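Inspection log for the structure reproduced underneath, given as structure tokens.
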Number of protein chains: 2
Amino acid sequence: MKDNNDMPGHLARRFQQIAVAVFHAEVEEAGYDLTPVQYAALAAISTNPGIDQITLAGLIAYDRTTITGVVDRLAQKGLVARNPSSRDRRARELQITDAGRQTLAGITPAVEAAQKTMVRGLTAEETEELMRLLRKAIAAGNELSRAPLREALAQAAKDK
Amino acid sequence: MKDNNDMPGHLARRFQQIAVAVFHAEVEEAGYDLTPVQYAALAAISTNPGIDQITLAGLIAYDRTTITGVVDRLAQKGLVARNPSSRDRRARELQITDAGRQTLAGITPAVEAAQKTMVRGLTAEETEELMRLLRKAIAAGNELSRAPLREALAQAAKDK
DNA sequence: GCACTCTTGACAGTATACTGATAATCAGCA
DNA sequence: TGCTGATTATCAGTATACTGTCAAGAGTGC
């Protein structure tokens, strides 16, 4: 019988579980109420103003049905605005609001602290190596999930 | 602006996402319908017959409210039996059924194949190193999540 | 101009995970 | 014995993630 600790899948689930818990704890202590998923979406919208939901989902590797709810909640909190696109009446352009920018700026120290806390058992070199191995495994497995990471090529092309 | 790829939290989420997708694909191809979570629970019940739900949750680091639904679904599929404990009328003793044993035996090759597929971008040495680093980070962060891993000490004591 | 296909966003349904609460029970102790 | 606090299991509610489906619109080829 193989031990759980020899299964990459079990270790992945456990590490992610801790990462989310640490994120919540640090962010709540800083006085904010954003999930890891909401934070990543908000940051991506901030960097790519006017992005549509599908492209956003590809940028941060979310499922297209998941992104709907995430954007809903961000919009409900007043952190992003969702306007119909003039180019494509199916699409909805996402913009960060002033409140969103304030939240993003205020929450960033807590997010960075969380990144350190979740690897507090590792040295700086070990953390680098862990991230390198995760990036390599993820790159090789990218197409295996329903929500693979996608470069915003279409978006860049549109901007030309 | 820090890149997502420099955030352990983002990498953790992404790797876990791929791991779950790979698990589902391999298991479905083998003709079974079990989630990673259900598999881990079934395997733990097989190894620890008569275990109660809280101890089981601790063994595989699940939240106590999550384990209720997982066991529900395993029982509904006829893979485990849930009987009231004679020692403690609050507790319910979990036993794997014959069908559960057959499923567990049949599914194991697919589960092991999935563990290989999810790290297909890494060499054997890199996989070992990744698992070592994950184990180390998890050990240091164990108490930070609501559902920490717990040794079955109480269970062992009861068996004396 | 029209049919065929693809894309965007959304919905229903299922399965983790968690917060917080509660009923039933057990265990320790005055 | 009887009270108090801890423990087991469950429930309601929220937030990811996914499968599968659908309507509306965009785009292409003829």
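Basis for what follows: all heavy atoms, side chains included, without hydrogens, waters or symmetry-related copies. Residue numbers begin at 1 in each chain, while the letters A, B, ... track the order of the sequences. Worth saying up front: this structure is predicted, and the values here are computed from it rather than measured.
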- Item | Sugar-phosphate or base contact per nucleotide [nucleotides 23-28 of chain C; S, B, -; heavy atom under 4.0 Å] | -BBS--
- Query: If you count the non-hydrogen atoms of other residues, nucleotides and ligands that lie under 6.0 Å from CD in Glu143(B), is the total more than 12?
  - Reply: yes
- Would you mind classifying the nucleic acid contact of Ala147(A) as base, sugar-phosphate or nothing, using non-hydrogen atoms under 4.0 angstrom?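 Result for Ala147(A) = sugar-phosphate.
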- Message: Please classify the nucleic acid contact of Thr35(A) as base, sugar-phosphate, or nothing, using heavy-atom distances under 4.0 Å.
- Response: sugar-phosphate
- Taking for each residue the nucleotide of DNA chain D bearing the nearest heavy atom, is the 5' side occupied by Ile67(B) or by Tyr62(A)?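 So the residue in question is Ile67(B).
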- Message: Under 3.5 Å, is there a donor on one side chain and an acceptor on the other for Gln17(B) and Arg14(B)?
- Response: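 A donor-acceptor contact under 3.5 Å links the two side chains.
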- Task: Using distance alone, with no hydrogens and no angle criterion, decide if Asp52(B) and Thr55(B) have a side-chain donor and acceptor under 3.5 Å apart.
- Result: yes
- Note on the structure: Taken in chain and number order and not counting sequence neighbours, the residues that satisfy salt bridge (charged side-chain N to carboxylate O under 4.0 Å, His left out) with Arg89(A) are none
- What pairs with Arg132(A) under salt bridge (charged side-chain N to carboxylate O under 4.0 Å, His left out), at least two apart in sequence or on another chain?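 With neighbours one apart ignored, the set is Glu129(A), Glu126(B).
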- Item | Out of dT10(D), dT16(D), dC18(C), whichever nucleotide has its closest atom nearest the side chain of Gln17(A) | dC18(C)
Tabulated below should be each protein N or O lying under 3.5 Å from an N or O of nucleotides 20-22 of chain C; please produce it.
{"unit_1": "dA21(C)", "atom_1": "N6", "unit_2": "Arg64(B)", "atom_2": "NH2", "d": "3.1"}

- Tell me which residues in residues 68-85 of chain A put a heavy atom below 4.0 Å from DNA chain C, sorted by number, or none.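 The stretch gives Thr68(A), Arg82(A) as the residues lying under 4.0 Å from the strand, ordered by number.
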- Task: Under the side-chain contact (heavy atoms from CB on, under 4.5 Å) rule, collect the residues that match up with Arg92(A), sequence neighbours excluded.
- Result: Arg82(A)
- Is the phosphate of dA17(C), meaning OP1 or OP2, less than 4.0 Å from a side-chain N or O of Gln16(A)?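 No.
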- Which whole-number value in Å describes the distance from Asp63(B) CG to dT19(C) C1'?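 Interatomic distance, CG of Asp63(B) to C1' of dT19(C): 9 Å.
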